[in-house]
A.B. asks: 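Next up is a structure, given as structure tokens.
In this chain, numbering begins with 1 at the start of the sequence shown.
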Amino acid sequence: MARSAVLLSASGAQAACPIQLAVYGEARSGADIDFAPAGSSATITNNFRMILDNNVVLDGIAMWTEGSAARPHGSLMYKCPAGDVTGDELAACTVWEGVIYSADEKGGVGLLPAEGADAPKSLIFPDLGPSLEMSAAYGPAGFSKVPWDIFVLKGCQE
């Protein structure tokens with residue numbers, strides 16, 4: 001899926017950016033997250049990718065659970081097979097799973113919003129670094145700079 005290379009500033013003077021066009025960055029490793037429209041999926045509420053050093057790309061999705069404790073369950077995958085995959089194949093290529101949290105400019109913590117909502121100031125991926133460091137994507141043939149758990153909004157795709 002091609003994504004626009006144009007990045008608009010995320011300063012307060014700009015209009016709000018919808019989450020499906022948001023771009024986030026993590027300062028320590030230089031990793032980025034860019035969102036894309038989820039399309040017509042009935043279960044996937046957010047579609048994104050995480051770009052690490054050495055051009056390693058992790059594919060990400062979020063699906064909201066149901067019930068009184070509904071929350072966005074996120075997954076990051078590395079080199080998953082295409083087409084219909086089994087649960088075992090999906091588990092083997094998943095490098096991180098968890099609830100994705102957000103934080104606003106005042107430090108209020110919430111949950112990753114679904115498409116159409118304004119992008120929050122930052123995203124929190126609990127235990128991201130340790131999970132990625134134990135994955136097949138890390139090491140001599142993969143990425144070498146491990147990101148921390150917090151990504152800050154840095155722009156909006158056009």
Side-chain angles (χ1 to χ4, degrees), residues 1-7 17-67 69-103 110-117 119-120 122-158:
M1 168 186 308
R3 299 204 177 137
S4 174
V6 177
L7 188 67
C17 177
I19 187 69
Q20 67 270 18
L21 298 177
V23 177
Y24 290 84
E26 193 277 329
R28 187 172 76 183
S29 69
D32 285 332
I33 294 175
D34 60 316
F35 281 81
S40 60
S41 173
T43 57
I44 296 173
T45 56
N46 301 90
N47 185 20
F48 59 96
R49 64 184 184 160
M50 182 178 289
I51 302 107
L52 303 163
D53 68 296
N54 297 326
N55 297 315
V56 172
V57 176
L58 306 178
D59 296 309
I61 60 168
M63 298 184 290
W64 273 78
T65 61
E66 295 182 7
R71 54 195 60 240
H73 180 82
S75 298
L76 283 167
M77 289 131 328
Y78 179 64
K79 294 186 176 180
C80 281
D84 290 335
V85 295
T86 66
D88 288 341
E89 289 172 322
L90 190 57
C93 65
T94 299
V95 296
W96 177 86
E97 286 186 287
V99 175
I100 303 173
Y101 295 95
S102 66
L111 297 169
L112 173 72
E115 268 190 26
S122 58
L123 299 177
I124 306 163
F125 291 75
D127 296 325
L128 176 67
S131 293
L132 293 184
E133 204 166 24
M134 294 187 302
S135 76
Y138 178 73
F143 73 95
S144 62
K145 297 176 183 174
V146 179
W148 196 46
D149 297 359
I150 299 174
F151 287 74
V152 177
L153 182 63
K154 68 182 216 179
C156 192
Q157 301 169 65
E158 190 172 70

A.B. asks: With a 4.5 Å cut-off on side-chain heavy atoms, are S29 and V146 touching?
C.D. replies: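 SC-SC contact between V146 and S29 ruled out.
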A.B. asks: Begin from the C-alpha positions of L76 and D59 and carry the test side-chain contact (heavy atoms from CB on, under 4.5 Å) through to its verdict.
C.D. replies: CA-CA 6 Å; L76 283 167; D59 296 309; over 6 Å; no
A.B. asks: For the CG atom of D34 and the SG atom of C156, what is their distance to the nearest 0.5 Å?
C.D. replies: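 Rounded to the nearest 0.5 Å, the CG-SG separation comes out at 11.5 Å.
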A.B. asks: Can you give me the closest heavy-atom contact between V23 and Q157, atom names plus distance?
C.D. replies: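 The pair with the smallest heavy-atom distance is CG2-CG, 3.6 Å.
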A.B. asks: Run I124 and F151 through side-chain contact (heavy atoms from CB on, under 4.5 Å) and show every step you take.
C.D. replies: CA-CA 7 Å; I124 306 163; F151 287 74; over 6 Å; no
A.B. asks: Between T94 and E97, is any side-chain donor less than 3.5 angstrom from a side-chain acceptor?
C.D. replies: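 No, no side-chain donor-acceptor pair sits under 3.5 Å.
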A.B. asks: Mind checking whether Y78 and V56 have side chains closer than 4.5 Å, heavy atoms only?
C.D. replies: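 In contact.
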A.B. asks: So, for A31 and P147, which heavy atoms are closest and what is the spacing to 0.1 Å?
C.D. replies: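 Scanning both residues completely, I find the closest heavy atoms to be CB-CB, 4.1 Å.
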A.B. asks: Got a second to check how far L112's CG is from L123's CG, nearest 0.5 Å?
C.D. replies: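 Nearest 0.5 Å value for the CG-CG distance: 6.0 Å.
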A.B. asks: Is the closest side-chain heavy-atom distance between I100 and L111 below 4.5 Å?
C.D. replies: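 Counting from C-beta outward, I100 and L111 never come under 4.5 Å.
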A.B. asks: Between R71 and A69, is there a donor-acceptor pair closer than 3.5 Å when you use the side chain of the first and the backbone of the second?
C.D. replies: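 The answer is yes, because a donor-acceptor pair under 3.5 Å joins these two groups.
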A.B. asks: Evaluate the criterion ring-ring contact (aromatic ring centres under 6.0 Å, His included) for residue pair F35 and F48; output intermediate values, then yes/no.
C.D. replies: CA-CA 4 Å; F35 281 81; F48 59 96; 5.2 Å; yes
A.B. asks: Show, in sequence, the C-alpha distance, side-chain angles and deciding distance for R49 and D32, and conclude whether the salt bridge (Lys or Arg N to Asp or Glu O under 4.0 Å) test is met.
C.D. replies: CA-CA 8 Å; R49 64 184 184 160; D32 285 332; over 6 Å; no
A.B. asks: If you measure from OH on Y24 to OG on S102, what distance do you get to the nearest 0.5 Å?
C.D. replies: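 Answer rounded to 0.5 Å: 7.5 Å.
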A.B. asks: Should M50 and L128 be marked as a side-chain contact (heavy atoms from CB on, under 4.5 Å) after you check the CA-CA gap, both sets of side-chain angles, and the distance that decides it?
C.D. replies: CA-CA 11 Å; M50 182 178 289; L128 176 67; 3.7 Å; yes
A.B. asks: When the side chains of residues 135-145 are checked against the rest of the protein, which donor-acceptor pairs come out under 3.5 Å, sequence neighbours left out?
C.D. replies:
| from | atom 1 | to | atom 2 | distance (Å) |
| --- | --- | --- | --- | --- |
| S135 | OG | L132 | O | 2.7 |
| S135 | OG | A137 | N | 3.2 |
| S144 | OG | D53 | OD2 | 2.7 |

A.B. asks: Sub-3.5 Å donor-acceptor pair from the side chain of N46 to the main-chain atoms of P113, do we have one?
C.D. replies: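 Yes, N46 side chain to P113 backbone: donor-acceptor pair under 3.5 Å.
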A.B. asks: What closest approach, in Å, do L153 and P120 show between heavy atoms, and which atom pair accounts for it?
C.D. replies: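 Minimum heavy-atom contact is CB-O, 3.8 Å.
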A.B. asks: Is there a side-chain contact between W96 and P126, using heavy atoms and a 4.5 Å cut-off?
C.D. replies: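 Yes. Closest side-chain heavy atoms under 4.5 Å.
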A.B. asks: Please test M77 against L58 for side-chain contact (heavy atoms from CB on, under 4.5 Å), starting from the C-alpha separation and ending with a verdict.
C.D. replies: CA-CA 5 Å; M77 289 131 328; L58 306 178; over 6 Å; no
A.B. asks: Tell me the closest heavy-atom pair linking A38 and N47, and the distance in Å.
C.D. replies: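 Taking every non-hydrogen atom into account, CA-CB, 4.0 Å.
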A.B. asks: Look at the side chain of Q20 and the backbone N and O of A36, then say whether any donor-acceptor pair between them is shorter than 3.5 Å.
C.D. replies: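 Answer holds: no.
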A.B. asks: Taking A62's backbone N and O only, do any of them form a donor-acceptor pair with T45's side chain (distance below 3.5 Å, no angle check)?
C.D. replies: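 Yes; judged by distance alone, with no hydrogens or angles, the pair exists.
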A.B. asks: Evaluate the side-chain proximity of P37 to E115: yes if any heavy-atom separation is below 4.5 Å, no if none is.
C.D. replies: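 E115 reaches P37 side chain to side chain.
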